[in-house]
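Quantities reported herein were computed from a predicted structural model and do not represent experimental measurements.
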Amino acid sequence: MILKEWFIFFLIIQVIHFLGTWKLYIKAGRKAWEAIVPVYNAVVLMKIINRPWWWVILLFIPVINVIMLPVIWVETIRSFGKNTTKDTILVVATLGFYIYYVNYMLDENYIEDRDLKPKTASGEWTSSILFAIVAATIVHTYFMQPYTIPTGSLERTLLVGDFLFVSKFHYGARTPMTAVSFPMVHDTIPVIRKKSYLSSPQYPYFRLPGFQKIKRNDIVVFSWPIDTVRFFRDQSKKSFYKPIDKKSNYVKRCVGIPGDSLSVIDGYVHINGQRTKLPNRAQLQFSYTGTTKGSNFNLQNLYNRYKAKPNEFRYNESQFIASGLTEEAASQFKHHPNVASVKRIIASKGQKDPSIFPNNGKVNWNSDNFGAIYIPEAGKTVKMDLKSFSLYRRIIEVYEGSEMGIDNKLTANGTQILLNGKPIKDYTFKQDYYWMMGDNRHNSEDSRAWGYVPANHIVGKPVFIWFSWDTNAKGLFNKIRWDRMFTTVGGNDKPVSYFKYFLILMAGWFIYSKYRKRKKAA
């Protein structure tokens, strides 16, 4: 829905509210007209039901408002004596329209000094849980979101099994676009594995101001632009449409920012003609092939020595292939007494890979030698020809088309480019775009496979590893990566764990609480 449609929808809601409550406003000592004035009617209603004025703010926060509406419906009828479980079920089941029955068919008196405390233990529990969900949803949506690393594309910096806190406020929190969704989950409700949202209506895209922009080589969490799968780990399911904010979350390194000219040469990213320098914590990994001396090649010894995963080795007699090795580890392989040669696997320049963006088989690009391409910047204009047609078609048709409620169709007639049937010579981009890649160059599905990441797909910045679990380790104690707990994600220096400081702080708080409790009792 576009802004105009949402405004009309908002006015319709005001009319529905007025028709269902104006008599109740009068019974509460207010004027009938106060029930139809937008926003003001909500402030007055909070006074009628004896709830704080700031509840009105919650009604305008996406997702939170869906939780708050049933609460306000229940509070409204209880303010006029309808306190039974039957009344509560009826008002929720009818989406609030039971209030019409109370407004027109019943002659109930307004209870001005209604006791707001739940009359039963179950009611008190329900109230507490409800507002805990509201608070948690606000934090989850606008401040900090937990995230788990599912793949090894950023190995050495982020490991499979790392549990992160992702900051929403660094780049500015993206307000939810999906109006109706199950709180505190993403696209699927756990256990029952059902879709957690309604695809429509959709709020317009909006992002709160952040205090920093995405910098080159930042690690970024984003909505996977081409996600159409039902479950994140099961891509065999039939594809279907997903709203932007319900697409699967990916985490990669942003190697190119808006306005950059990017190319990949022999696996290394070049920006504006210069090879990029990664932070010290980042370690590029490639695939290598080699030969050994004799048949006494000990895979386990190499695994222990170079910290490479066993499944990253394939060995046949005197030859082996190792993927996910850093250049330092590969250099050490060369000097191993049982290794005769080691060579990095590189797809040569000009070798065509149809699975590489723009996925049309018309460019001689591959994962190691790619581009150059321009990364679009909002407000910048590019010439439209057959090459730019391939690179920017999805941007124009989807990211700046259907996902924005615009029916864009880009076609080519010979050498002429047409937008919605009309010839165009250039195109001006409406938003910024980014290029995301994994540090494990041969084990990462990233922008080389599916292209640009739009600004409205940016989720947040990983800032903190609060827990890390190694499924390959033996023994419960060894499965926990203690040295990674409570470490920061960013920075150039070696990660430092703040776990012991956290334990000291918790112990101090426990001792203080005990002391305070004993002092109060005395």
Please assess F467 against M485 for the test side-chain contact (heavy atoms from CB on, under 4.5 Å), listing each intermediate value before the final yes or no.
CA-CA 5 Å; F467 186 71; M485 291 181 62; 3.9 Å; yes
Of all heavy-atom pairs between [X] and [Y], which one has the smallest distance, and what is that distance?
X    : Y    : result
I396 : L410 : CD1-CD2, 3.8 Å
Y25  : L45  : OH-CB, 3.5 Å
I77  : T88  : CD1-N, 4.3 Å
G460 : P462 : O-CD, 3.9 Å
R174 : N456 : NH1-O, 2.9 Å
N249 : Q145 : ND2-NE2, 3.5 Å

To the closest 0.5 Å, what do you measure between [atom1] ([X]) and [atom2] ([Y])?
X    : Y    : atom1 : atom2 : result
S79  : I48  : OG    : CD1   : 8.0 Å
K409 : N420 : NZ    : CG    : 10.0 Å
N359 : I226 : CG    : CD1   : 8.0 Å
K27  : T21  : NZ    : OG1   : 12.0 Å
K246 : L198 : NZ    : CG    : 10.5 Å
Q431 : I395 : CD    : CD1   : 8.5 Å

With heavy-atom distances below 4.5 Å as the criterion, would you say the side chains of [X] and [Y] are in contact?
X    : Y    : result
F169 : M144 : yes
V459 : Y147 : no
I138 : L58  : yes
F18  : N41  : no
V453 : W435 : no
T76  : I72  : yes
Y142 : T175 : yes
Q212 : K461 : yes

Return yes if some donor-acceptor pair links the side-chain N/O of [X] with the main-chain N/O of [Y] below 3.5 Å, else return no.
X    : Y    : value
E34  : K31  : yes
N65  : F60  : no
S196 : H186 : yes
D245 : M177 : yes
S261 : N272 : no

Charged N to carboxylate O under 4.0 angstrom, E403 versus K247?
yes
Say whether [X] and [Y], considering side chains only, have a donor N or O and an acceptor N or O under 3.5 Å apart.
X    : Y    : result
D162 : S468 : yes
K252 : S444 : yes
E400 : N408 : no

Is it the case that atom [atom1] in [X] sees more than 12 heavy atoms from other parts of the structure closer than 6.0 Å?
X    : atom1 : result
F10  : CZ    : yes
Y512 : OH    : no
Y515 : OH    : no
Y100 : OH    : yes
Y501 : OH    : no

Measure up the [X] and [Y] rings against each other and bin them: parallel (under 30°), tilted (30 to 60°), perpendicular (over 60°).
X    : Y    : result
Y433 : F429 : perpendicular
W224 : W450 : perpendicular
Y399 : H457 : perpendicular

Less than 6.0 angstrom separating the ring centers of [X] and [Y], yes or no?
X    : Y    : result
F486 : F464 : yes
F357 : Y452 : yes
Y98  : Y101 : yes

Passes side-chain contact (heavy atoms from CB on, under 4.5 Å), V382 versus Y392? Steps please.
CA-CA 10 Å; V382 295; Y392 307 127; 4.0 Å; yes
Steps toward side-chain contact (heavy atoms from CB on, under 4.5 Å) verdict (T141, I64)
CA-CA 10 Å; T141 305; I64 303 299; 5.9 Å; no
Any cation-pi pair here, K195 with Y197, using under 6.0 Å and within 45°?
yes
How would you list all residue pairs meeting salt bridge (charged side-chain N to carboxylate O under 4.0 Å, His left out) that involve residues 207-218, not counting sequence neighbours?
R216-D260
Provide the full list of salt bridge (charged side-chain N to carboxylate O under 4.0 Å, His left out) pairs with a residue in residues 511-522, sequence neighbours left out, each pair given once.
none
Step by step, would you call I424 with L418 a side-chain contact (heavy atoms from CB on, under 4.5 Å)?
CA-CA 6 Å; I424 58 171; L418 299 91; over 6 Å; no
Taking only residues two or more places apart in sequence, or in another chain, which ones meet W466 in a ring pair (Phe, Tyr, Trp, His ring centres under 6.0 Å)?
F163, F165
